[in-house]
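Just so we're on the same page: letters track the sequence lines, and every chain starts at 1. FYI, side chains are in, hydrogens and waters are out, and symmetry mates aren't considered; it's all heavy atoms of this structure. Because the structure is predicted, anything quoted here is derived from the model rather than measured.
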Amino acid sequence: MTSSAHTTLSNIKSNLQVFLVSVATITVAFSILGLFLVIFVNLNSFLTTWSKHVQLIVYLEDDISKDQRGVLEQLISTNPDVESMTFISKESAWANFKNTFSTKKSDFIDELKFNPLPSSYNIKFRPSPERFTKIRNFAELFKEREGVESVEYGEKWLRAFEKFMLFIRIFLLAVGGLLSLGLILIISNTIKLSFYSRQEEIELMLLIGATPGFVRIPFMLEGMLQGLLGGIFALALIKFLQLYIQVQFQGSLETIVRGMEFQYISQPIILILLASSVFIGWMGSYIFIRQFLSPKFK
Amino acid sequence: MIQLFKVAKSYGGGTPALADINFEVQKGEFIFLTGPSGAGKTTLLKIMYRTEKFDQGQVLVNGMNIGKIPDRKLYLLRREIGFVFQDYKLLVKKNVFENVAFAQEVIGANKKRIRFKTWEALKNVGLTHKKDSYPQQLSGGEQQRVAIARALVNSPKIILADEPTGNLDPEISLEILKLFEHVKKSGVTVVFATHDQEMIRSRNHRVVVIKRGKLVTP
Ligand SMILES: Nc1ncnc2c1ncn2[C@@H]1O[C@H](COP(=O)(O)OP(=O)(O)OP(=O)(O)O)[C@@H](O)[C@H]1O
Ligand SMILES: [Mg+2]
């Protein structure tokens, strides 16, 4: 094993430039992949943060009866997913509205002689993974009720966002798959060059009694090392970028969405990235061995 | 130790390189394999080492059926045999010591043993003073002796030597011959291919003569 590692290192040394170019290529490819991942992770956390503010608003008709209201309140308070409910009367809605726009001193609002706003129930839901679906289902339930004018829960937004996230997920998979394929070919090619520079020696090795494993392992290690180094450099690069963005833009991000911060890739994803970089390196050497080395084991 | 039974081999040309070859080499025996150029000596040795396939017959070496060894087990055969290649096959980027040590390295020997065995093998062929030279800095005869040292360094059970004295002057040739005979005394089986009729006559080892791919009685 130590001798294999030694051989690997001397292989790399004798072909250092090609090795470095390959590592750099892997770094770039993984950085691209990692950046997409970071964007994905952050969009996801944005969605989660934002979704905390999503609530179901049930607007009531002006002529709703006491009984009808009782039925609605009964429905809301018996639902286990509901966290809290506030009733906002026509008057307080109007007061709120005026308050919000008071600085503008809009004559238009002041001139309105009647209150155009309906009274409403603002319903907050408990956090849960299926929150959106629950809100949606609950909203459907209310739409048809008597006394309900309309319901609102940012439905269009939600749908669009979900679709977008699905698209990004597929996009990530596709880009990741293609990049991985390219990397495997690049790595196997690098190993091939390292093989060519020592072809005579390797053929002699097999001729005088080396086991196939003895010949194979240094190439395996070389491929995996390429992948691993590429993965590590890419992660470092993304980390630097993240720190930069954090320092530069954290303030403005906070103002867009409260509690939102720019996140680095989480630890499990780091491990998955590193594992896949090593795996890709291994695949590269495996392809080289299958196509090139194994036929010489005779 | 080595048995060939009805072995035939053709390289695809008109006349076969080997036809109906039958012979046996006992354990610890020393034989000369001779015949004119192009007779098939190298082909025969390569078949025993399985670097060349054969078309018909059976070949047994050290109890292994050569035709049936799977590729991944081939190293087991090669480790029992020290092969002196007619074209030496030295690595130009390695010096004399490293070239000989290489055979030890590929079978996974430890450093201390590699140093000891390599030094011993170089002493045997009288090349310790050239241990730091590179193949291009050596004469043909010296290169040949490096190849011999490399074939001996793993203490094989069988030595297949393809004209190991082809480039040497009579004096050194005799030294090399004595070296192989010395190895034979410790129980090693030696097949020594050579053109040198005088050398053959000077000893009374068994002689196998091959002409145009066929065995002939000397
Ligand atoms: N790789 C090959 N492809 C085609 N023909 C070959 C090949 N190797 C050898 N031959 C032919 O097989 C025959 C035997 O060759 P071989 O090398 O075994 O002879 P040899 O007895 O070792 O000769 P020499 O004494 O010159 O080394 C020759 O006719 C040669 O041309
Ligand atoms: Mg020959």
Evaluate the side-chain proximity of Thr211(A) to Arg79(B): yes if any heavy-atom separation is below 4.5 Å, no if none is.
yes
Looking at side-chain heavy atoms only, is the closest gap between Leu206(A) and Tyr75(B) below 4.5 Å?
no
Taking a cut-off of under 4.5 angstrom between non-hydrogen atoms, the residues of residues 107-131 of chain B near chain A are Ile107(B)
Look up atom NE2 in His6(A) and atom CD in Glu105(B), then write down how far apart they are to the nearest 0.5 Å.
8.0 Å
Can you tell me how far apart CG (Leu207(A)) and CZ (Arg50(B)) are? Round to the nearest 0.5 Å.
12.0 Å
Under 4.5 Å from any heavy atom of chain A, what part of Lys93(B) do you find: side chain, backbone, both or neither?
side chain
Kindly check if the number of other-residue, nucleotide or ligand heavy atoms within 6.0 Å of CZ (Arg72(B)) is above 12?
no
Side-chain heavy atoms of Ile208(A) within contact of Phe83(B), under 4.5 Å
no
Taking atom OH of Tyr286(A) as the centre, does the number of heavy atoms from other residues, nucleotides or ligands within less than 6.0 Å exceed 12?
no
Flag yes if more than 12 heavy atoms outside Gln136(B) fall under 6.0 Å of its CD atom; otherwise flag no.
yes
Under a 4.5 Å heavy-atom cutoff, which of Val106(B), Asn154(B), Ile81(B), Leu77(B) has the most pairs with chain A?
Val106(B)
Leu76(B), Leu74(B), Leu91(B), Val92(B): which one forms the most heavy-atom pairs within less than 4.5 Å of chain A?
Leu91(B)
Taking OH in Tyr11(B) as the centre, count heavy atoms belonging to other residues, nucleotides or ligands within less than 6.0 Å. Is the count above 12?
yes
